[in-house]
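Beneath this line is the structure, given in structure tokens, with notes to follow.
When a residue number appears, it is its place in the shown sequence, counting from 1.
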Amino acid sequence: MSLFLDLKVGESVDLDDGRIRLTLEEKQGQRSRLRVEADDAVTIGKAKARPSGQSLPPPPPKSKAGSQE
């Protein structure tokens with residue numbers, strides 16, 4: 001799934017029912033500065049650059065509470 005948004009400086013988008021908030025802090029030419037705010041349980045990291053058009057790898061499966069594997 002992909003989502004493309006046009007944001008103005010100061011605008012935000014909430015993800016995962018508000019657990020993650022991205023805010024466009026600054027925009028200069030081809031560069032942007034994003035603020036990422038998230039629950040403590042969310043891991044935040046910078047992704048490696050991918051060739052244009054290459055999709056993200058699938059997310060790891062979520063473990064089910066109480067499941068016996």
Side-chain angles (χ1 to χ4, degrees):
M1 173 160 125
S2 295
L3 174 66
F4 295 89
L5 298 170
D6 291 321
L7 297 175
K8 295 178 183 175
V9 172
E11 290 184 326
S12 300
V13 61
D14 288 338
L15 304 171
D16 198 15
D17 293 326
R19 288 182 56 207
I20 303 167
R21 174 173 282 176
L22 301 175
T23 304
L24 181 59
E25 293 286 317
E26 185 179 325
K27 174 79 172 97
Q28 293 181 350
Q30 294 287 321
R31 298 190 61 103
S32 300
R33 181 177 303 265
L34 292 175
R35 175 190 306 230
V36 181
E37 299 171 90
D39 286 352
D40 290 339
V42 176
T43 301
I44 300 173
K46 184 176 177 181
K48 295 180 182 177
R50 294 182 313 278
S52 181
Q54 184 179 356
S55 62
L56 292 171
K62 292 184 179 180
S63 62
K64 295 180 182 175
S67 67
Q68 306 257 336
E69 295 182 22

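- The pair E26-R33 meets the salt-bridge criterion, with a side-chain N (NZ, NE, NH1 or NH2) lying under 4.0 Å from an Asp/Glu carboxylate O.
- A pairwise comparison of heavy atoms in I20 and V36 identifies CG2-CG1, 4.4 Å as the closest pair.
- We find the CD1-CD distance between I44 and E37 to be 9.0 Å, quoted to the nearest 0.5 Å.
- Few gaps surround CZ on R19; more than 12 heavy atoms of other groups in view lie less than 6.0 Å from it.
- Put simply, CG on L34 and CG on L24 are 6.0 Å apart, with the number rounded to the nearest 0.5 Å.
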Please tabulate, for the side chains in residues 3-11, all donor-acceptor contacts under 3.5 angstrom to protein atoms that are two or more places apart in sequence or on a different chain.
residue : atom : partner : partner atom : Å
E11     : OE1  : K8      : N            : 2.6

